[in-house]
Amino acid sequence: MKPPKPLTLFRNPFKPISTLSPLSSSSSNPQSNHTQHAHIPLSKTHLYSSFFCTLIEAYLACRRFSDATRAFSSMRRLHGLNPDTDGWHRILYGFNASGYVSQVPILYSEMLNCGRTPNVFTHNVLIHAFCKLGLIGDALDLLRRVETDVVSYNTVIWGLCRGGSVESATGFLSEMLKRGVGFDAFSCNTLVHGFCRKGLVNEAQALRDMLVRGGVEPDVIGFNTLIDGYCKIGRMSVARDLFERMRREGVSPDIISYNCLIDGYCKVGDFSRAEALMDDILSAKLDTDSPEGENGCLNLEPNIVTHTSFISAYCNQKGLDEALSLYEETVKNGFLPDVVTYSSIMNGFFKNLKLVEGTAVFREMEKTAGRSVESAMFMKDMLVRGIPFDLITYTVLMDGLFKVGKADEAEDMFETLLRVGLSPNHITYSALINGLCKVGNMKGAELALLYMDEKGREGNVITYSSVINGYVKKGMLTEAIDVIGKMKERDIFPNVVTYGTIIDGLFKVGRDNLALDMYKEMVERGLEVNNYVLDILVNGLRKIGKMGEAEGLFNDTVQRGLSIDQVNYTTIMDGLFKRGKTSAALKVGHEMMENGIQPDVVAYNVFIKCLCKLGKFDEALSFLSEMKALGMTPDHATFNTMIAALCKKVKMDAMFKICDEMKSHGLYPNLITYSTIVGGLCEEGEVDKAMEVLNEMTAFGLRPNSIIHKKMLHAQARGKNADSILQMHEHLIEMGLIPDLDIYNNLVHILCTFGMISKATSVLNDILKRGMPRVCLDITTYNAILSGLSEAGLMKEANEIMNEMQEKGLDPNAVTYNILVSGHGKIGNKKDSIRLYCEMVRKGFIPMLGTYNILINDFSKVGMMIQARELFNEMHKRGVSPNSSTYDILIRGWSKLSNRAEVQRLLKEMDKNGFVPCGSTIGCISNAFARPGQRGHTRRILKSFYERKESERFLHGLFLIDTFPYTDYEAFQAL
DNA sequence: ATAGGGTTAG
């Protein structure tokens, strides 16, 4: 594990960063103390100041701010010129419009100091500047104090809407009427836009309808704003209706109307409708070009905005290559890509982890934009709705660098962005915070949050969800939950992503009940399960043994109309494979392909895992080749799966061969690979060989983990004494193992398993004496001890520990009960196992499948089949699905009682669920039912019959061929 | 006063 990276962010967070020398404050300007100015004849002062004003306007227009401020200083301090009111207005307006808004209030006071009288226009510019600076209070103050017109009010409405306060903005309409200024289409459209931006499109429409009834003229801008509003919330049919209505009402759609619709269709992936609209524009253009065709649609030509919508959507939905070829075509047709086009492409590269190409696009942009002189005009084009091109571009770049794993460079990029004078908005901060969280730098993330706060930027649900994710990934759930509290304080409501993140985290640390509470809360708040949350819940429920509930949820969600995606399919397949329901899993695979979803690397890994599990290594290998042929890159999971399977089958030579193949793919064994191999060798008792592998592993800089610790100690324990176990434990710590609660639980568990109870107790006391940080006896520790005792069959000692635990006030949890029920079950102590089973069920815990299997087996093996059947029904009732072993156990039990009918019924049910009886079950069946002297023969028939069925399922599922008809039980009947 | 690019979970 890498040590936490030093904080490079905010090495000096509060240093003023600016390349500009701000206006005003004359004392800092050496020129200002001169009483004698450069000589300008009095008759020419008007001409000169007018010239300066024009120069300043020009500089501002092309964002050469330092030149503009220098020219202003020169005019005022060097030449002592005082422009007339018109001149001051031009400067004020220029600064305000160019984006260098912070200077407007300063200029305004200087204007007053110079004896010029402000009028409505002056104040409107100032109000506008206040609004842009987020100083709504100052804007409203001014509005109260000075002469106003409709523009002043419209500006304030705009400012309020921009800050999200649409309700108070709407309130100004009545004040406008009262004051006799009246409102106009500007007021209306601004408010409509304000509502739309918050997603309140219905409210926007209602307001507009009302104002139109009150006499406001419906115009193209109002229609466009509403159309765009509907597009943005994905309600394309309503947007389209409005578009048609607009034509009917005699308002001609313009290119913006078309662009809104096109972008909307692109975003929902309806490219054919988007393209049809593009064709409409082109044919309308042809009509206008031809002398006779005049359809009223002037200036209807696609522009770079139209094309960028397509390019961007292609990037996100069709893939980078498609986007790039569209981009090339656009350029070839003479459209000049602008900053948005470039940023989209750059983003596409980074999202596809193409660092070199992404950076190259950025350099190209820099080059084009920085080519000064005449490129000044180009820079102006790069201004998009008043946002300097750099902010989003830099955000894309920074985010991209984080995504490709260049966290240091990403942080540098953030500093650069500050250095060039950009002020980050909440999205930039969110991207930064997310990046820091992803590299685990939570301190940096918290600092960035504070910094953002100080700069007056408010985080949104995405910002905080990123932080939550950061904590969740570190297992710091308490901190994650605290963030939710912080969000609620700020009226930022967790959304489905926030809930998904936290639910996932809670399941992963085993706090299942809290996870389910969160899920409940989410549903109560009216949030709907999506593909992500479905997957999180299915995985979580599966993990805690509530497979029945998982399946129920899955089916409910499908019923509700959610279309299952690739990940959902893969998870379900994996779940079914793990439960041995091979054919059901393959059916899902079939369904997935029928729905046009191609299996990806993960799905292939699931197939390969299943093949391995069934011992079909050759087929697994052919899947590996197939993956490569399809251009997919096998990953660590692919190889680790095969390695694990070969380890289990004790085919260590083949396993090492796979390791070599993995290396030939440029993939090096990771911690999972090593744990698997070490585990495999340990199972074989090859402790020395395992240690050799561990030495290789540490040479690669990997530390042993708790899995390795467990396996090594277990292997070492066989036939040895407690001291040698402790020696191995110490040795692993020397190799870099970090001793935590898990590790001590392992140690205690193993000592108990091998009956070294007193040694275990002394280790425990030792830990307590040494005061291991964060190590305290919890239910997990007790479960570890109980599990060890249980495995060793020492149930008397287990009962004593259980009593001690309860005296200390620790309540047994689901894990404890599963351990104890199984423990008593395994030694045939039916009285206690059933007593504890009843107790756990009464407390609402659901026994795991394994626990049921042990219980059923305990009754079944002594012929108590009525009780076994009762337990089997109980598990059904509680939503626990049987696996292959459950059926094997029952069939063997009934076979011993020669109950042909039960055996037939169970075989049929087993088959329906996609299971096949194992070898020993087949043995039991033939022993019970075959004619004397025919047992071996019958066993062979049965065996080949079930093997054939298994392979047919494969063929049926994987290669989609029809299974040839056979009578299910012909072999059985033939007995 | 209206259109295209950037931030979150399996």
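Chain identifiers are assigned alphabetically (A, B, ...) following the order of the sequence lines, protein sequences preceding nucleic acid strands; residue numbering begins at 1 within each chain. Everything quoted here is computed from the prediction, not taken from an experiment. Only this structure's heavy atoms are used, side chains among them; waters, hydrogens and symmetry mates stay out.
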Strictly by modelled atom types, are [X] and [Y] linked by a side-chain donor-acceptor pair under 3.5 Å?
X        : Y        : answer
A:Asp184 : A:Ser187 : yes
A:Thr463 : A:Asn460 : yes
A:Asp504 : A:Thr501 : no
A:Asp574 : A:Thr571 : no

So what does [X] touch, heavy atoms closer than 4.0 Å: a base, only the sugar-phosphate, or nothing?
X        : value
A:Thr428 : base
A:Thr308 : base
A:Asn154 : nothing
A:Thr501 : sugar-phosphate
A:Asn531 : base
A:Ile304 : base
A:Thr225 : sugar-phosphate
A:Val396 : sugar-phosphate
A:Thr571 : nothing

**Prompt:** Are A:Val601 and A:Asn605 side-chain neighbours, meaning at least one heavy-atom pair lies under 4.5 Å?
**Reply:** yes
Taking N and O atoms by type only, does the side chain of [X] place a donor or acceptor under 3.5 Å from a partner on the base of [N]?
X        : N     : result
A:Asn434 : B:dG6 : no
A:Asn303 : B:dA3 : yes
A:Asp338 : B:dG5 : no
A:Thr395 : B:dG6 : yes
A:Ser309 : B:dG4 : no
A:Ser465 : B:dT8 : yes

Does the side chain of [X] get closer than 4.0 angstrom to OP1 or OP2 of [N] through an N or O atom?
X        : N      : value
A:Lys508 : B:dA9  : no
A:Lys267 : B:dA3  : no
A:Lys232 : B:dG4  : yes
A:Lys473 : B:dG10 : yes

What nucleotide, of [options], holds the atom closest to the side chain of [X]?
X        : options              : result
A:Ile255 : B:dA3, B:dG4, B:dG6  : B:dA3
A:Ser312 : B:dG5, B:dG6, B:dT8  : B:dG5
A:Val497 : B:dT8, B:dG6, B:dG10 : B:dT8
A:Thr190 : B:dA3, B:dG10, B:dA1 : B:dA1
A:Thr393 : B:dT7, B:dG5, B:dG4  : B:dG5
A:Ile462 : B:dA1, B:dT7, B:dG4  : B:dT7
A:Val305 : B:dG5, B:dT8, B:dA3  : B:dA3
A:Ile427 : B:dA9, B:dT7, B:dT2  : B:dT7
A:Asn425 : B:dT8, B:dG6, B:dA3  : B:dG6
A:His193 : B:dG4, B:dA1, B:dT7  : B:dA1

I need the [atom1]-[atom2] distance between [X] and [N], as an integer number of Å.
X        : N      : atom1 : atom2 : result
A:Phe349 : B:dG5  : CZ    : P     : 18 Å
A:Asn460 : B:dT8  : CG    : C1'   : 9 Å
A:Asn189 : B:dT2  : CG    : C1'   : 8 Å
A:Phe243 : B:dA3  : CZ    : C1'   : 13 Å
A:Leu401 : B:dT7  : CG    : P     : 14 Å
A:Leu207 : B:dT2  : CG    : C1'   : 16 Å
A:Ile392 : B:dG4  : CD1   : P     : 11 Å
A:Leu562 : B:dG10 : CG    : P     : 17 Å

**Item:** Parallel, tilted or perpendicular: ring planes of A:Tyr429 versus A:Tyr451, cut at 30 and 60 degrees
**Value:**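 Rings of A:Tyr429 and A:Tyr451: perpendicular, over 60°.
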**Prompt:** A:Tyr93 vs A:Phe121 aromatic rings, parallel, tilted or perpendicular, using cut-offs 30° and 60°?
**Reply:** parallel
**Request:** Please name the pair of heavy atoms, one in A:Gly444 and one in A:Asn441, separated by the smallest distance, quoted to 0.1 Å.
**Result:** N-OD1, 2.8 Å
